[in-house]
> 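Dumping the structure here so I can ask a few things about it.
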Amino acid sequence: MLVSVLILAVAACGKQERPVDGTQQPERRAEVRSREKQQEKGQDKKPRAARDSIDRYYQFTNYTETGDLRAIREHGTIRFVNLTGASEDELPREGVVTLRHFELANKLAKQLKLEPKWIRANTPDEAIELLLAGKADILAYNLTDTEARRERINYSVPLRQSRQKLVTGSNGPDISDPDTLQGVEFIVPAGSSNIPTAQRLIEEHPDANLSMMQVTVYGDRDILVDLLNKKDNRVAILDDYIAEDLASYRDDLRIGAAVSETENIAWGLRKDSKLLLTTVNNFLTRNLVKKQEERFADWDAIKKAGVIRLLTYNGPTTYFLWKGLLMGFDYDLAKAFADKHRLQLQVIVVPYEEDLTDWLKAGRGDFAGASLAITEERQKQGVAFTTSYMETPERIVSNEDRPPIEKVQDLAGRTLTLRAYSSFIPTAMTIKNSGIDVEVKIAPPGMSISRIFNLISDGLLDATIADDGEAKIEASLRPNLITGTLLGDPKPQGWMVVTKNWHLLQNLNKFIKDYRKTEKYQQDYNAYFKPNKRFTQRVRAQIIPGKDLSPYDDLVKASALNYDFDWRMVVAQMWQESNFNPKAVSPVGAQGLMQVMPATAKEMGFPPPLFEPERGIKAGVKYLDWVRDRFAPTLPTANKLWFTLASYNAGYGHLLDAQRLAEELGLDPNVWFGNVEEAMLKLAEPRYFKKARYGYVRGSEPVQYVRNISNLYKAYVEVATGEISVRPPLQKKPKEEPSQKEFAIPLRKSGSEEQISE
């Protein structure tokens with residue numbers, strides 16, 4: 001015990017300064033409950049002083065500079081401050097360009113040949129103080145242009161315009177007219193321009209018993225909606241674009257009357273930065289993209305506007321958010337096409353219940369793609385396909401506890417369950433009509449392919465058909481799934497354009513033909529359609545009692561001690577990440593022993609490459625610590641560890657979505673195993689991820705990631721000496737039967753195929 005205490009004491013004394021995100025937001029679930037009580041009693045503390053924030057940011061910025069662009073250039077860096085952080089944002093949805101503040105600001109830094117550094121603030125007021133104190137150079141955020149602020153800072157050209165609106169929960173009051181509000185408590189973001197609006201409404205209606213509560217919710221506005229729904233008399237005041245973004249994935253709020261005139265939204269700069277202001281304005285003018293109305297644009301119109309619009313779905317191979325980065329096979333290809341022609345790419349996410357073809361024909365986008373099979377049926381609807389950018393065969397997926405399906409004849413006596421409206425239904429019916437005694441079931445329209453994979457993995461369904469790439473990926477992430485026989489030749493997939501847009505079609509065809517010959521195309525294909533060996537490694541690292549766990553134990557021990565981690569857990573994570581290969585590079589670009597993304601490594605102070613073992617370990621452990629610090633201190637140690645690992649793998653935003661979903665499902669949002677991990681799996685299903693702020697996540701990956709590390713960590717604890725460790729719970733949650741409403745035995749037949757009723 002004495003030795004353990006001494007180790008912990010040394011760790012505390014020798015601990016390096018941790019990277020600070022400058023905020024306690026998003027508020028954690030455990031903290032929110034206590035903060036609500038404090039706020040309702042008027043006891044909640046005010047946001048931390050800007051000077052305290054400046055001190056904490058010092059390690060990021062390391063200098064004070066209040067000069068203009070020439071003085072900024074001397075440091076070789078340009079510092080951006082905002083309220084969400086460098087690499088974290090919600091998934092851009094319809095009408096939102098992919099050039100978010102982070103991407104746009106980094107593009108500016110690249111043009112200026114300066115290294116971008118990012119700082120996080122709690123509120124707009126705090127961000128302004130950092131700017132004025134010379135700890136930041138540009139406030140790159142949706143900052144409302146107000147007279148009071150204009151006296152202190154300069155604004156860039158407007159990025160957009162907005163009006164403040166009333167917003168309330170499902171059971172809130174009538175908000176169609178602010179003059180009719182009675183007994184309402186306004187909920188407003190702390191330090192925002194919404195505060196003067198709330199104060200004005202209170203003063204204008206002295207007999208209406210109106211009041212105001214400020215809440216610090218930047219980084220997780222979902223908490224604000226939760227607060228609205230706690231009481232029926234609460235009404236928020238939000239900018240219209242924020243309200244509309246929340247409404248795009250949450251159905252428990254209503255948007256009401258406007259309570260302000262139209263206001264400009266822009267970036268902020270110091271008043272004495274005249275040259276920087278001119279440079280920023282010229283840059284934004286060239287790059288600023290406004291929301292496009294429905295239009296049919298030929299190639300000349302697209303080039304003139306400088307914008308090309310992609311219609312797609314939020315999904316596993318098309319377009320999704322992963323560790324703060326926008327990714328997806330269709331997205332990557334479309335971005336490469338846009339870059340080639342010096343266009344800004346605008347991604348419009350189409351709801352799953354809507355047809356891409358209908359949106360394309362309505363002029364809501366210029367081209368559409370979501371791993372679409374080139375079919376005659378779609379072409380008859382008035383669209384043309386590009387040349388194929390990928391050919392994919394169909395493959396059987398089944399449970400490993402059942403006999404393998406290695407040839408088509410093995411389907412005799414088996415049951416195929418297919419997603420409603422799936423392009424695989426004709427294939428299944430062809431097999432059945434050929435004389436093979438296979439049962440074909442069609443799932444309810446609300447059941448996704450991810451849900452079907454989960455049920456097969458749990459042994460509740462027999463088999464299904466999927467694209468070859470998707471089948472291999474899912475089998476690599478779910479140990480109970482196995483791939484079977486291929487069904488026919490590969491089928492071509494491509495993008496769609498309206499038939500008359502022949503010039504755009506020609507340019508897309510030329511790009512696809514050339515791009516398919518490049519190494520980058522093969523890297524993208526491998527990233528999305530080939531299993532990652534780090535996750536398919538189904539053998540445990542060789543463990544010999546008394547021997548080193550890895551060739552890098554001493555390096556890991558040093559970094560783990562600095563950040564109060566059990567070194568054996570870090571080694572277990574390192575094996576899961578890279579199999580102890582310091583030169584490892586993932587298909588999406590993560591590097592080194594701890595597989596840190598280059599952008600993340602730069603934020604941690606370790607610009608890539610990360611192939612030198614000590615550098616890779618330091619970057620990974622420092623980032624692991626940064627992630628852990630974002631969780632509530634009251635969270636139990638073991639669950640904080642599992643949440644940290646899941647966030648390291650999938651991204652902090654998806655973990656927040658999983659916690660929220662767990663609470664909605666009646667699970668414990670503060671417990672990983674059997675609770676939040678179950679919710680994480682469901683976030684691969686459209687009925688859940690379309691209501692999630694961060695959208696789709698391949699939930700089986702972080703779930704298996706945490707389980708693999710926890711298993712190996714336990715084994716390491718048993719054979720290697722070290723400080724006291726937390727034993728992970730390894731028991732598997734009992735398999736949950738699907739509800740009768742969600743899935744039922746087939747009740748009726750239609751033709752030769754059976755329909756599964758809801």
Side-chain angles (χ1 to χ4, degrees), residues 23 25-27 35-36 39-40 42 44 46-47 50 82-84 90 101 121-129 139 141-153 155 158-169 172-173 175-179 181 183-205 208 210-231 233-247 250 253-268:
T23 178
Q25 301 302 325
E27 299 277 359
R35 282 180 61 86
E36 283 179 25
Q39 289 167 338
E40 290 168 8
D44 191 29
K46 295 179 180 179
N82 71 8
L83 278 63
T84 59
E90 66 269 24
H101 296 291
N122 276 333
T123 68
D125 288 347
E126 188 175 288
I128 290 172
E129 292 300 329
L139 202 171
Y141 190 70
N142 289 320
L143 188 67
T144 303
D145 186 343
T146 67
E147 289 186 14
R149 288 174 178 168
R150 189 167 282 277
E151 292 179 0
R152 306 183 69 199
I153 63 173
Y155 282 94
L159 282 82
R160 67 168 82 196
Q161 292 185 316
S162 171
R163 297 184 73 185
Q164 298 179 41
K165 290 191 173 182
L166 300 177
V167 179
T168 192
I175 53 174
S176 60
D177 184 351
D179 293 334
L181 296 177
V184 161
E185 181 181 33
F186 290 121
I187 307 293
V188 292
S192 70
S193 61
N194 309 124
I195 295 173
T197 303
Q199 292 171 335
R200 173 175 56 80
L201 291 175
I202 293 172
E203 293 171 0
E204 290 176 352
H205 304 84
L210 305 178
S211 61
M212 176 178 62
M213 178 171 70
Q214 298 184 41
V215 292
T216 306
V217 296
Y218 294 98
D220 191 0
R221 296 193 183 103
D222 289 304
I223 292 173
L224 188 144
V225 182
D226 293 340
L227 286 173
L228 290 177
N229 284 287
K230 291 287 185 181
K231 293 185 177 181
N233 71 326
R234 286 178 170 172
V235 175
I237 300 177
L238 298 174
D239 292 336
D240 54 14
Y241 63 91
I242 296 175
E244 289 164 6
D245 177 69
L246 286 166
R250 294 198 61 156
L253 80 162
R254 293 182 287 112
I255 302 175
V259 288
S260 78
E261 299 298 324
T262 300
E263 300 169 313
N264 287 335
I265 306 297
W267 285 0

> Go through it in stages, so that I can follow the logic: the residues are Trp267 and Leu143, the test is side-chain contact (heavy atoms from CB on, under 4.5 Å), and I'd like the CA-CA distance, side-chain angles, deciding distance and then a yes or no.
CA-CA 6 Å; Trp267 285 0; Leu143 188 67; over 6 Å; no
> Side-chain contact test, heavy atoms from C-beta onward, threshold under 4.5 Å: evaluate it for Tyr241 versus Arg160 and give yes or no.
yes
> Can you list the residues that meet the salt bridge (charged side-chain N to carboxylate O under 4.0 Å, His left out) rule with Arg250, with sequence neighbours excluded?
Asp222, Asp226, Asp252
> Please name the pair of heavy atoms, one in Pro189 and one in Ser192, separated by the smallest distance, quoted to 0.1 Å.
O-OG, 2.7 Å
> Drop me the distance from Asp179's CG to Leu201's CG, to the nearest 0.5 angstrom.
8.5 Å
> Start with the C-alpha distance between Ile187 and Val235, add both sets of side-chain angles, then the distance that settles side-chain contact (heavy atoms from CB on, under 4.5 Å), and finish with yes or no.
CA-CA 6 Å; Ile187 307 293; Val235 175; over 6 Å; no
> Taking side-chain contact (heavy atoms from CB on, under 4.5 Å) as the definition, give me every residue that meets it alongside Thr262, ordered by chain and number, with sequence neighbours left out.
Gln161, Arg163
> Let me confirm one number: the OG-CD1 distance from Ser162 to Ile242, rounded to the nearest 0.5 Å.
7.0 Å
> Suppose we screen for side-chain contact (heavy atoms from CB on, under 4.5 Å). Which residues come up paired with Arg254, at least two apart in sequence or across chains?
Thr168, Ile175
> Name the residue from Pro178, Pro173, Ser211 that meets the side chain to side chain contact (heavy atoms under 4.5 Å, CB included) definition with Val184.
Pro173
> Could I get the full list of salt bridge (charged side-chain N to carboxylate O under 4.0 Å, His left out) partners for Asp145, not counting sequence neighbours?
Arg150
> Of all heavy-atom pairs between Ser176 and Ala257, which one has the smallest distance, and what is that distance?
O-CB, 3.4 Å
> Where do Leu139 and Ala127 come nearest, in terms of heavy atoms and distance?
CD1-CB, 3.7 Å
> Does the side chain of Met212 come within less than 4.5 Å of Glu185's, by heavy atoms?
no
> Please name all residues satisfying side-chain contact (heavy atoms from CB on, under 4.5 Å) with Arg152, sequence neighbours left out, ordered by chain then number.
Ile128, Glu129, Leu132
> If I compare all heavy atoms of Ile237 with all of Asn194, which pair ends up nearest, and what's the gap?
O-CG, 3.2 Å
> Check for a donor-acceptor pair, side chain of Arg200 on one end and backbone N or O of Val259 on the other, with a separation under 3.5 Å.
yes
> CG/Leu246 to CD/Glu244 distance, rounded to the nearest 0.5 angstrom?
10.5 Å
> Nearest 0.5 angstrom please: Asn142 CG to Leu83 CG, how far?
10.0 Å
> Quick one: do Asp240 and Ile255 satisfy side-chain contact (heavy atoms from CB on, under 4.5 Å)? Show the steps, please.
CA-CA 9 Å; Asp240 54 14; Ile255 302 175; over 6 Å; no
> How close do Ala266 and Leu159 get, counting heavy atoms only, and between which atoms?
CA-CD1, 3.6 Å
> Give the C-alpha distance, both sets of side-chain angles, the deciding distance and a yes or no for side-chain contact (heavy atoms from CB on, under 4.5 Å) between Thr197 and Phe186.
CA-CA 10 Å; Thr197 303; Phe186 290 121; over 6 Å; no
> Nearest 0.5 Å please: distance from the CG atom of Asp125 over to the CD1 atom of Ile195.
7.0 Å
> For Thr146, give me all partners under side-chain contact (heavy atoms from CB on, under 4.5 Å), at least two apart in sequence or on another chain.
Thr144, Ala148, Arg149, Tyr155, Ser193
> Report yes or no: do Gln164 and Asp239 form a side-chain donor-acceptor pair below 3.5 Å?
no
> Measure across Leu228 and Ala236 and return the closest heavy-atom pair with its distance rounded to 0.1 Å.
CD2-N, 3.4 Å
